Protein chains: 2
Amino acid sequence: MRVSTRFSDSIHLLAFLKVYAGERLTSDLIASSIETSPVVVRRLMGKLRHAGLIATTPGTAQPVLAKPLSDISLLTVFYAVEGDKSLFSVDPKTNPDCIVGGNIQNVLQQYYQDAQTAAEARLAKTSLQDIVDNLLVEQAKKEAVQ
Amino acid sequence: MRVSTRFSDSIHLLAFLKVYAGERLTSDLIASSIETSPVVVRRLMGKLRHAGLIATTPGTAQPVLAKPLSDISLLTVFYAVEGDKSLFSVDPKTNPDCIVGGNIQNVLQQYYQDAQTAAEARLAKTSLQDIVDNLLVEQAKKEAVQ
DNA sequence: AATCACGGTAATTAATCTAGTTACAGGAAG
DNA sequence: CTTCCTGTAACTAGATTAATTACCGTGATT
């Protein structure tokens with residue numbers, strides 16, 4: 001019932017590209033930050049490249065952001081890696097000869113869409129630049145304690 | 001990544017109890033409307049009974065609503081059958097020695113919570129009575145065409 | 001009381017999805 | 001040409017969901 005970690009991992013990946021821009025960014029290095037396998041990272045980069053969020057060239061260890069992070073919202077990333085998947089799912093087949101079964105799908109669909117739209121509106125409000133800003137603030141807090 | 005059909009099926013079930021109240025409501029009959037198995041229906045009824053939404057007595061075919069449908073929101077049903085599960089999931093382990101990996105979980109958690117809260121607020125706005133009203137309207141439309 | 005219908009629940013199975021692993025072809029750079 | 005890397009496919013393992021089978025206990029009817 002939940003969104004896969006592809007979403008979180010993709011945000012992680014994009015933020016990583018920004019924070020460590022200029023360095024040698026192999027899929028192995030990125031994977032060690034996410035704590036997953038390099039293949040998973042490459043698969044994610046494939047989707048993100050397809051969505052026009054990053055640019056990569058095979059062989060080089062230099063994936064780069066294709067646009068400013070301030071122009072990429074969480075929702076953009078969500079669509080890039082999860083497509084237009086629905087958060088809530090209606091039962092595909094219910095008894096059409098029943099007042100409930102024959103109409104429930106249409107009725108629920110509308111309310112589910114409303115709920116998902118509300119969630120997506122929140123995701124759209126936050127850019128990846130906001131995420132990176134927060135990461136740096138959190139990091140600064142940590143270092144201040146030490 | 002999606003919410004299981006338990007949620008939809010439970011709404012279906014509760015609406016069914018209202019629409020066909022007074023009739024002989026076996027788990028078999030309810031299952032035939034949802035087009036699932038009677039065991040699934042009984043399992044759902046177990047959760048709904050546990051949440052105080054319905055009352056059942058073994059042996060009799062008479063599950064009844066424990067409160068007015070107008071007092072049951074979609075969110076109430078969601079919690080009853082899905083618990084407090086998160087729609088979005090953060091990667092449980094990321095590299096703590098990295099600016100990104102060490103802070104991304106905390107940062108994302110907050111934005112995910114905002115998105116989920118927004119979705120839940122929509123679900124809370126709709127009562128099961130609204131659903132039943134809509135079902136009857138849709139049914140009337142169908143019959144008017146014929 | 002005996003019987004039958006039904007709910008409550010556990011156990012098993014199958015299907016689906018996710019993510020990790022291995023493997024390999026091809027590009028880039030020294 | 002050699003080495004490091006990306007892009008992908010194929011396979012495997014684990015988790016989740018829902019269907020099925022099975023069995024016990026309750027309630028109603030006679």
Side-chain angles (χ1 to χ4, degrees), chain A residues 1-10 12-13 16-17 23-51 53-64 66 78 81-83 85-94, chain B residues 1-10 12-13 16-17 23-51 53-64 66 78 81-83 85-94:
Chain A
M1 91 111 174
R2 47 172 56 176
V3 176
S4 75
T5 56
R6 272 194 299 273
F7 182 34
S8 289
D9 290 347
S10 296
H12 187 147
L13 196 162
F16 194 91
L17 294 192
E23 302 193 19
R24 201 161 146 280
L25 301 173
T26 66
S27 55
D28 251 303
L29 177 66
I30 301 171
S32 72
S33 173
I34 304 180
E35 293 204 0
T36 181
S37 86
V39 176
V40 169
V41 170
R42 284 179 236 152
R43 277 200 289 241
L44 288 178
M45 288 202 295
K47 286 179 182 287
L48 297 175
R49 176 163 29 81
H50 224 77
L53 303 183
I54 66 175
T56 65
T57 41
T60 77
Q62 292 175 333
V64 294
F78 182 77
V81 296
E82 299 289 351
K85 219 183 293 184
S86 298
L87 293 175
F88 305 95
S89 51
V90 298
D91 214 319
K93 49 169 185 173
T94 54
Chain B
M1 93 106 169
R2 45 174 56 177
V3 174
S4 75
T5 56
R6 274 194 299 271
F7 182 34
S8 289
D9 290 348
S10 297
H12 187 145
L13 195 161
F16 195 90
L17 294 192
E23 301 193 19
R24 202 162 145 282
L25 301 173
T26 66
S27 55
D28 252 302
L29 176 67
I30 301 172
S32 72
S33 173
I34 304 181
E35 293 204 0
T36 182
S37 85
V39 177
V40 169
V41 169
R42 284 179 234 151
R43 277 200 287 242
L44 288 178
M45 288 202 296
K47 285 180 182 286
L48 297 175
R49 175 164 29 82
H50 225 77
L53 303 183
I54 66 175
T56 64
T57 41
T60 78
Q62 293 174 334
V64 294
F78 182 77
V81 295
E82 300 289 349
K85 219 183 292 183
S86 298
L87 294 175
F88 305 95
S89 50
V90 298
D91 214 318
K93 49 169 184 173
T94 55

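Below, read A as the first sequence line, B as the second, and so on, with proteins coming before strands; counting in each chain starts at 1. As the structure is a prediction and not an experimental result, all values here were calculated from the model. Just so it is clear, the values below take in all heavy atoms, side chains as well, and ignore hydrogens, waters and symmetry mates.
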ask   = What is the distance, rounded to the nearest whole Å, between atom CZ of B:Phe7 and atom C1' of D:dT16?
value = 19 Å
ask   = Within this structure, what is the CD1-to-C1' distance between A:Ile30 and D:dC4, rounded to whole angstrom?
value = 15 Å
message = Is it true that A:Thr57 and A:Gln62 share a donor-acceptor pair across their side chains at a distance under 3.5 Å?
response = no
note = Between A:Gly59 and A:Val40, whichever has its closest DNA chain C nucleotide further toward 5' is A:Val40
message = For B:Phe88 and A:Phe78, take the angle between the two ring planes, folded into 0 to 90°, and tell me which bin it lands in: parallel under 30, tilted 30 to 60, perpendicular over 60.
response = perpendicular
inquiry  = Output the rounded distance in Å from CG (A:Asp28) to C1' (C:dT22).
reply    = 14 Å
Atom-to-atom span, CD of A:Glu35 to C1' of C:dA19 - whole angstrom = 15 Å
key: Under-4.0 Å side-chain N/O to phosphate OP1/OP2 contact, A:Thr56 with D:dT6   = no
request  = Round to the nearest Å and state the distance from A:Gln62 atom CD to C:dA28 atom C1'.
outcome  = 10 Å
message = Tell me whether the side-chain N/O atoms of A:Thr5 come closer than 4.0 Å to OP1 or OP2 in C:dT18.
response = no
request  = Give a yes/no on whether any side-chain N or O of B:Lys85 is located under 4.0 angstrom from OP1 or OP2 of D:dT17.
outcome  = yes
ask   = Does a nitrogen or oxygen in the side chain of A:Arg6 sit under 4.0 Å from OP1 or OP2 of C:dT18?
value = yes
Listed nucleotide nearest any side-chain atom of B:Arg49, set C:dT18, C:dT9, D:dG7 = C:dT9
task = Kindly say if A:Lys47 contacts the phosphate of D:dG7, meaning a side-chain N or O under 4.0 Å from OP1 or OP2.
result = no
task = List the atom of B:Ser37, the atom of B:Ala31, and the distance in Å for their closest heavy-atom pair.
result = C-CB, 3.6 Å
query = In Å and rounded to the nearest 0.5 Å, what is the CG to OG1 distance from A:Leu25 to A:Thr60?
reply = 9.5 Å
request  = Report yes if the side chains of B:Leu13 and B:Val41 come closer than 4.5 Å at any heavy-atom pair, otherwise no.
outcome  = yes
inquiry  = Whether the side chain of A:Ser10 engages the backbone of A:Leu48 through a donor-acceptor N/O pair (distance < 3.5 Å, no angle test) should be reported.
reply    = no
inquiry  = Once you apply a heavy-atom cut-off of 4.0 Å, does A:Leu25 come out as touching a base, just sugar-phosphate, or nothing?
reply    = sugar-phosphate
inquiry  = If you only use heavy atoms from C-beta on, which nucleotide in C:dG8, D:dA19, D:dG7 is closest to the side chain of A:Arg42?
reply    = D:dG7
inquiry  = Measuring to OP1 and OP2 of D:dA28, would you say a side-chain N or O of B:Thr60 lies under 4.0 angstrom away?
reply    = no
ask   = CE of A:Met45 versus C1' of D:dG7: gap in Å, rounded?
value = 9 Å
Closest non-hydrogen atom pair, B:Asp9 against A:Asp91 = OD1-OD2, 2.5 Å
Heavy-atom donor-acceptor pair, A:Ser32 side chain to A:Leu29 backbone, under 3.5 Å = yes
query = Within the structure shown, what part of the strands sits under 4.0 Å from A:Ser37 by heavy-atom distance: base, sugar-phosphate, or nothing?
reply = base
ask   = Would one find a side-chain N or O of B:Ser4 under 4.0 angstrom from OP1 or OP2 of D:dA18?
value = yes
request  = Rounded off to whole Å, could you give me the NE2-to-C1' distance for the B:His50 and C:dG7 pair?
outcome  = 16 Å
request  = Rounded off to whole Å, could you give me the CG-to-C1' distance for the A:Leu44 and D:dT6 pair?
outcome  = 14 Å
Polar-atom pairs under 3.5 Å, protein N or O versus N or O of nucleotides 10-13 of chain D: list them with distances, or write none.
| residue | atom | partner | partner atom | Å |
| --- | --- | --- | --- | --- |
| D:dA10 | N6 | A:Arg43 | NH1 | 3.3 |

